[in-house]
Amino acid sequence: MNLLVTGGAGFIGSNLIRHIINESEVSRLVNLDCLTYAGHLDNLSDLESHPKYAFEQVDLTSKSGVAEVVRRHEITHVMHLAAESHVDRSIVGPDDFIQTNVVGTFYLLEACRGFWGGNFAGRRFLHVSTDEVYGSLGSAGKFTEETPYAPNSPYSASKASSDMLVRAYHHTYRLPVLITNCSNNYGPYQFPEKLLPVVVRSAIWRRSIPVYGDGMNVRDWLFVLDHAEALWRVLRNGRTGQTYNIGGNNEWPNLRVVEQICDLIDELRPDLGGNSRRLITFVKDRPGHDRRYAIDATKVSRELDWAPKYDFAAGLRLTVSWYLDNQSWVEKIIAERRASRTNPRPAAETAMVGGR
């Protein structure tokens with residue numbers, strides 16, 4: 001396969017590329033990323049000279065640019081991860097979310113439809129989405145592939161819209177698409193405004209750790225390498241036209257996650273003085289904050305023999321250790337963000353801890 005990964009310089013994308021690039025099925029792997037605030041080539045510096053790897057700095061909202069990449073690299077398979085993905089940012093400025101997540105997905109679908117020209121044998125288009133399209137759960141139950149969509153933020157609405165476009169291209173044009181909806185990812189190389197790196201950095205600097213509301217909003221946590229493996233199995237063996245939910249079976253209230261991170265930091269960095277939990281500060285809840293997400297991953301487990309390998313304790317320890325050991329990476333990303341004048345948005349260190 002000549003595989004196109006969009007958003008490959010981001011958190012999930014870079015972990016995915018590193019996970020699959022040496023698979024025998026992959027002849028060429030093209031990373032398309034426009035390198036906004038969340039995309040960094042440093043995430044893949046160890047692959048720059050890899051014989052299978054190519055990088056294209058192209059914005060998804062450039063219709064001609066996307067089509068040219070698909071044509072020139074003779075793309076046969078797509079893993080579409082590129083997206084604006086932060087709920088707080090979507091509340092402050094929803095425009096970029098509509099342009100990238102909806103219009104950009106449309107341009108990518110059109111590029112593949114045009115280049116493949118109706119000859120879909122050996123072609124696949126995997127669209128990577130989120131559990132947030134389903135809305136909010138009560139205290140019981142889980143999202144399944146049949147759960148009706150009920151997005152509650154501009155971010156989740158833009159992802160729901162792109163999901164519907166992908167589905168429509170299958171039913172209208174028979175494009176060989178697959179859709180995945182995943183729960184909250186965590187792991188190395190996550191942009192520093194997200195929950196885990198925010199908590200670690202705040203604890204290191206002994207600054208307050210802001211938690212939305214009462215901190216009891218529940219998320220299902222999925223280690224990023226488990227997600228990468230699930231995506232690879234769906235791309236190769238999933239049934240086209242189908243949706244697969246991917247979850248970690250790790251439900252935790254945000255406050256409990258923050259407390260576990262604090263305890264790990266106290267254990268791994270006793271020089272910081274301990275009692276990091278005292279830094280937790282409750283702040284006003286954000287608008288439209290969904291109370292609970294939980295994924296039923298029975299379908300992907302049954303059909304593709306996938307299950308998470310990392311339990312939450314092991315994955316969290318690995319992740320916290322990585323951020324403690326790589327604060328230079330975190331500080332570099334934050335410095336680049338502050339220096340950027342092309343995409344003014346809330347600074348990373350002001351992001352509240354509230355899930356995705």
Side-chain angles (χ1 to χ4, degrees), residues 1-60 69 72-83 85 126 128 182 185-194 196-198 200-201 204 222-236 246 268 308-310 314-337 339-340 348:
M1 61 178 71
N2 291 335
L3 173 62
L4 176 66
V5 177
T6 70
F11 163 47
I12 300 175
S14 60
N15 279 284
L16 172 67
I17 288 174
R18 192 173 287 105
H19 184 69
I20 67 175
I21 195 167
N22 291 314
E23 294 288 344
S24 60
E25 297 95 326
V26 177
S27 298
R28 173 183 291 268
L29 194 155
V30 181
N31 172 13
L32 183 152
D33 200 300
C34 65
L35 301 182
T36 59
Y37 71 95
H40 303 275
L41 290 180
D42 285 351
N43 296 358
L44 292 166
S45 58
D46 54 321
L47 297 182
E48 288 178 356
S49 60
H50 196 289
K52 294 183 181 181
Y53 179 75
F55 172 69
E56 295 281 357
Q57 185 172 353
V58 174
D59 196 319
L60 275 178
V69 169
R72 181 158 40 84
H73 291 283
E74 300 182 340
I75 295 301
T76 62
H77 293 66
V78 173
M79 301 179 85
H80 177 34
L81 288 81
S85 65
L126 171 57
V128 180
C182 72
N185 279 221
Y186 69 100
Y189 296 103
Q190 194 167 25
F191 189 69
E193 72 184 0
K194 301 292 186 171
L196 268 77
V198 165
V200 174
R201 186 169 184 265
I204 289 174
L222 174 67
F223 190 63
V224 67
L225 294 182
D226 282 328
H227 187 198
E229 176 59 25
L231 294 177
W232 180 238
R233 294 191 186 199
V234 171
L235 180 72
R236 289 180 300 160
I246 303 170
L268 298 171
K309 291 182 179 179
Y310 292 84
L316 193 64
R317 176 176 289 272
L318 188 157
T319 302
V320 171
S321 296
W322 189 90
Y323 283 108
L324 287 173
D325 293 340
N326 289 274
Q327 278 299 295
S328 59
W329 177 88
V330 173
E331 296 301 332
K332 179 180 179 181
I333 302 305
I334 290 175
E336 290 175 356
R337 177 72 193 100
S340 173

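Position 1 is the first residue of the sequence; numbering continues from there.
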* Asked: Should Y310 and L318 be marked as a side-chain contact (heavy atoms from CB on, under 4.5 Å) after you check the CA-CA gap, both sets of side-chain angles, and the distance that decides it?
  -> CA-CA 10 Å; Y310 292 84; L318 188 157; 4.2 Å; yes
* To do: Might you work through the salt bridge (charged side-chain N to carboxylate O under 4.0 Å, His left out) test for E331 and R201, ending with a clear yes or no?
  => CA-CA 9 Å; E331 296 301 332; R201 186 169 184 265; 2.8 Å; yes
* Test H80 against L126 for side-chain contact (heavy atoms from CB on, under 4.5 Å), laying out the working first. => CA-CA 6 Å; H80 177 34; L126 171 57; over 6 Å; no
* Asked: Does the pair D33 and T6 meet the rule for a side-chain contact (heavy atoms from CB on, under 4.5 Å), with working shown?
  -> CA-CA 6 Å; D33 200 300; T6 70; over 6 Å; no
* May I have the step-by-step check of side-chain contact (heavy atoms from CB on, under 4.5 Å) for L3 and L235, ending in yes or no? => CA-CA 10 Å; L3 173 62; L235 180 72; 4.1 Å; yes
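The ring-ring contact (aromatic ring centres under 6.0 Å, His included) test with Y186 singles out one residue from F191, W322, F11, F223, and that residue is F223.
A54 approaches H73 most closely through the heavy-atom pair CB-CE1, 4.2 Å. When every heavy atom of K309 is checked against every heavy atom of D226, the shortest pair comes out as N-OD1, 2.8 Å. Closest approach of V224 and P188 over heavy atoms only: CG1-CD, 4.3 Å. Scanning both residues, A82 and G7, for their nearest heavy atoms gives CB-N, 3.5 Å. Between Q190 and N185, the closest heavy-atom pair is NE2-O, 3.4 Å. Among all heavy-atom pairs drawn from V58 and L32, the shortest one is O-CD2, 3.3 Å.
Rounding to the nearest 0.5 Å places CZ of F55 at 12.5 Å from CG of L29. In this structure, the separation between CG on L268 and CG on L324 is 6.0 Å, given to the nearest 0.5 Å. Atom OG of S27 and atom NE2 of H77 lie 10.0 Å apart (nearest 0.5 Å). Separating the CD1 atom in I20 from the NZ atom in K52 is a distance of 9.5 Å, to the nearest 0.5 Å. Put simply, CG on N31 and CG on N43 are 10.0 Å apart, with the number rounded to the nearest 0.5 Å. Note that the CG atom of N15 and the CD1 atom of I17 stand 10.0 Å from one another [nearest 0.5 Å].
Between K332 and H40, every side-chain heavy-atom pair lies at or beyond the 4.5 Å cut-off. Contact of the L196 side chain with the L316 side chain is registered, since non-hydrogen atoms from C-beta on lie closer than 4.5 Å. Between V69 and L4, some side-chain heavy-atom pair lies under the 4.5 Å cut-off. Between E56 and V30, the closest side-chain pair of non-hydrogen atoms falls below 4.5 Å. Looking at heavy atoms from C-beta onward, I75 lies out of side-chain contact with R28 at the 4.5 angstrom threshold.
Considering only residues two or more places apart in sequence or on other chains, A230 meets the side-chain contact (heavy atoms from CB on, under 4.5 Å) condition with I246, W306.
Note: Y323 and W329 have tilted aromatic rings, judged against thresholds of 30 and 60 degrees for the angle between ring planes.
Between the N2 side chain and the E74 main chain, a donor and an acceptor come within less than 3.5 Å of each other.
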